[in-house]
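Below: one structure, written as structure tokens.
Start at 1 with the first residue, then count along the sequence. Heavy atoms only: backbone and side chains are in, while hydrogens, waters and symmetry mates are out.
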Amino acid sequence: VTQINHSTHHTVQTTATMSGKGKGGRGEKKSTTSSAKAGLQFPVGRIGRYLRQGKYATRMGAGAPVYLAAVLEYLCAEILELAGNAARDNKKARIIPRHITLAVKNDETTAQAHTKTHLASFYPTAISLTAGHKTMCAKCKCVCTNQIKIKAQAKLASEVWKKAT
């Protein structure tokens, strides 16, 4: 094998020797994840580990974590796309939890899938807490009359919520 030393521009003769079987200059082979083999972003190995540790079944096929990872990735991509559209409609660059809620509630397929799901932004206690935080009377700086209104609204909202569920 002839090599050129670029600093001195001299040609150097070297002989390549292989010991044993050797790799023959192919280099080390990088390990490929099962997610990369399946073309997924979600971690197939981690999902498989969770399935094994969860004791859902005594035996598990090799394709089960791949299939579950693909389904979860599809669902997340679908909801994130809808939430991104909701964020764009509200002229925002970032997706906030409210955009996810709007996306799930406004799309009929995701709303049908989430009929028994309760999202945090729909709880009346969250509404009453955020509403009562900054309300003050302009004249005397007290919160007494405003707090009574807010408590009544929260009570009414919780009654409506109990009837709905």
Shortest non-hydrogen separation from P65 to A62 and the atoms involved: CD-O, 3.6 Å
Any donor and acceptor pair, going by atom type alone, linking the side chain of D107 with main-chain N or O of A103 inside 3.5 Å? no
Which donor-acceptor pairs under 3.5 Å do the side chains of residues 77-95 make with protein atoms, sequence neighbours left out?
| from | atom 1 | to | atom 2 | distance (Å) |
| --- | --- | --- | --- | --- |
| N85 | OD1 | R88 | NH2 | 3.4 |
| N85 | ND2 | E81 | O | 3.4 |
| N90 | ND2 | A86 | O | 3.4 |
| N90 | ND2 | H99 | NE2 | 3.4 |

Neighbour count >12 (heavy atoms, 6.0 Å) for atom CD, E108: no
With a 4.5 Å limit on heavy-atom distance, are the side chains of V104 and T117 in contact? no
Got a second to check how far H114's NE2 is from K116's NZ, nearest 0.5 Å? 14.5 Å
How would you list, by chain and number, every residue that makes a side chain to side chain donor-acceptor pair (under 3.5 Å) with T58, sequence neighbours excluded? none
Neighbour count >12 (heavy atoms, 6.0 Å) for atom CZ, R49: yes
Can you get from M60 to I47 by hopping between Ile, Leu, Val, Met, Phe, Trp and Tyr side chains that sit under 4.5 Å apart? yes
Report yes or no: do L68 and F42 belong to one cluster of Ile/Leu/Val/Met/Phe/Trp/Tyr joined by side chain heavy-atom distances under 4.5 Å? yes
Any side-chain to backbone donor/acceptor pair from S35 onto L40? Under 3.5 Å, distance only. no
Minimal heavy-atom distance between Y56 and L51, with the atoms involved, is CD1-O, 3.6 Å
I'd like to know if Y67 and Y74 are part of one continuous hydrophobic network [Ile/Leu/Val/Met/Phe/Trp/Tyr, side-chain heavy atoms within less than 4.5 Å]. yes
Could you tell me whether the side chain of Q41 and the main chain of E73 form a donor-acceptor pair under 3.5 Å? no
